[in-house]
Visitor: 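Have a look at this one.
Residue numbers count from 1 along this sequence.
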Amino acid sequence: MIIRKATPADMNSVLDLIKELAVFEKEPNAVIVIVDDLVKDGFSENPLFQCFVAEIDEEIIGIALYYYRYSTWKGKTIHLEDLIIRESKRGTGAGFALYSEIIRQGKRDNVRRIEWAVLDWNTPAIEFYRKTGAKVLDDWRVAQMDEQGIDEFLKTNP
């Protein structure tokens, strides 16, 4: 298994994994990003994200997509947006390898926190994260506003 930085040529496989995750998370029609978006947003002069891939026999079987954030309390942090392993390749150690690479990247970058979200029903993931020393917070809620919400807000609050 090879863990390496993603390249623009990997984005078709990355998008396939994103779509597979959407099915797993019971949101099969939620993905609207396309390969061109991933290439533009991840490999421009000021990339919006970074990505590691796990590869076996030249097949990408997993990804860890992350970006940098800034905490007013902690300073520079990493947000792990998604850690995805192809369902047929789970149990190969790819998830742990990608997770470990994100933690090593955080150390290399001297971040003060690495954070991510996990669905409350994804018990195996929660147990894995806790076993590795991560804190899974029960007292925070995620707030989001989608495009429709943005438009509606701006109609009433120009």
Visitor: For R104 versus A97, what's the shortest heavy-atom pair and its separation?
Guide: NH2-O, 4.2 Å
Visitor: Taking it one step at a time, do K26 and L119 satisfy side chain to side chain contact (heavy atoms under 4.5 Å, CB included)?
Guide: CA-CA 11 Å; K26 302 172 178 60; L119 291 166; over 6 Å; no
Visitor: For E147, does the CD atom sit with more than 12 other heavy atoms under 6.0 Å from it, leaving out its own atoms?
Guide: no
Visitor: Could you tell me the separation between the OG atom of S13 and the CD atom of E58, rounded to the nearest 0.5 Å?
Guide: 11.5 Å
Visitor: If every non-hydrogen atom of P8 is compared with every non-hydrogen atom of V39, which pair is closest and at what distance?
Guide: O-CG2, 3.9 Å
Visitor: Please give me the minimum heavy-atom distance between R112 and G75, naming the atom from each residue.
Guide: NH1-CA, 4.1 Å
Visitor: Any chance you could measure D82, atom CG, to L17, atom CG, to the nearest 0.5 Å?
Guide: 10.0 Å
Visitor: Start with the C-alpha distance between E152 and K155, add both sets of side-chain angles, then the distance that settles salt bridge (charged side-chain N to carboxylate O under 4.0 Å, His left out), and finish with yes or no.
Guide: CA-CA 5 Å; E152 290 298 319; K155 279 183 196 172; 3.4 Å; yes
Visitor: Should W140 and Y70 be counted in the same cluster of Ile, Leu, Val, Met, Phe, Trp and Tyr side chains packed under 4.5 Å apart?
Guide: no
Visitor: Could you please spell out the steps behind the side chain to side chain contact (heavy atoms under 4.5 Å, CB included) verdict for F49 and D41?
Guide: CA-CA 7 Å; F49 68 86; D41 295 338; 4.0 Å; yes
Visitor: Considering only heavy atoms from C-beta outward, does the side chain of Q105 approach that of Q50 to under 4.5 Å?
Guide: no
Visitor: Starting from the C-alpha separation in whole Å, work towards a yes-or-no answer on side chain to side chain contact (heavy atoms under 4.5 Å, CB included) for V31 and L15.
Guide: CA-CA 9 Å; V31 177; L15 182 57; 4.0 Å; yes
Visitor: Is it possible for you to say whether V53 and I2 belong to one hydrophobic cluster, with membership spreading through side-chain heavy-atom contacts below 4.5 Å?
Guide: no
Visitor: What is the distance from atom CG of L65 to atom CG of L21, rounded to the nearest 0.5 Å?
Guide: 11.0 Å
Visitor: Check G42 against P47 and note the closest heavy-atom contact, atom names and distance.
Guide: O-CB, 3.3 Å
Visitor: Should side-chain heavy atoms under 4.5 Å link Ile, Leu, Val, Met, Phe, Trp and Tyr, which residues sit in the same cluster as V118?
Guide: M1, I3, F52, I56, I61, Y66, Y68, I78, L80, L83, I85, F96, L98, Y99, I102, I103, V111, I114, W116, I126, F128, Y129, V136
Visitor: Are any side-chain N or O atoms of D146 and backbone N or O atoms of Q148, one a donor and one an acceptor, separated by less than 3.5 Å?
Guide: yes
Visitor: Step through the shown structure and confirm whether more than 12 heavy atoms of other residues, nucleotides or ligands are within 6.0 Å of CD1 on I32.
Guide: no
Visitor: So, taking the atom named NZ in K89 and the one named CD1 in I60, what distance separates them when rounded to the nearest 0.5 Å?
Guide: 13.0 Å
Visitor: Begin from the C-alpha positions of D10 and T7 and carry the test side-chain hydrogen bond (donor to acceptor under 3.5 Å, both in side chains) through to its verdict.
Guide: CA-CA 5 Å; D10 297 327; T7 68; 3.2 Å; yes
Visitor: Apply salt bridge (charged side-chain N to carboxylate O under 4.0 Å, His left out) to residues E101 and K5 and explain how you reach the verdict.
Guide: CA-CA 10 Å; E101 191 61 30; K5 283 279 195 171; over 6 Å; no
Visitor: Measuring from atom NZ of K40 to atom CG of L48, what distance do you get when rounded to the nearest 0.5 angstrom?
Guide: 7.5 Å
Visitor: Would you say NZ of K74 has more than 12 non-hydrogen atoms from neighbouring residues, nucleotides or ligands within 6.0 angstrom?
Guide: no
Visitor: Examine distances only and state if a side-chain atom of E20 and a backbone atom of E87 form a donor-acceptor pair shorter than 3.5 Å.
Guide: yes
Visitor: For the CG atom of N29 and the NZ atom of K19, what is their distance to the nearest 0.5 Å?
Guide: 10.5 Å
Visitor: Report the C-alpha distance between W73 and R113 in whole Å, list the side-chain angles of each, state the deciding distance to 0.1 Å, and finish with yes or no for side chain to side chain contact (heavy atoms under 4.5 Å, CB included).
Guide: CA-CA 10 Å; W73 289 10; R113 181 173 67 207; 5.8 Å; no
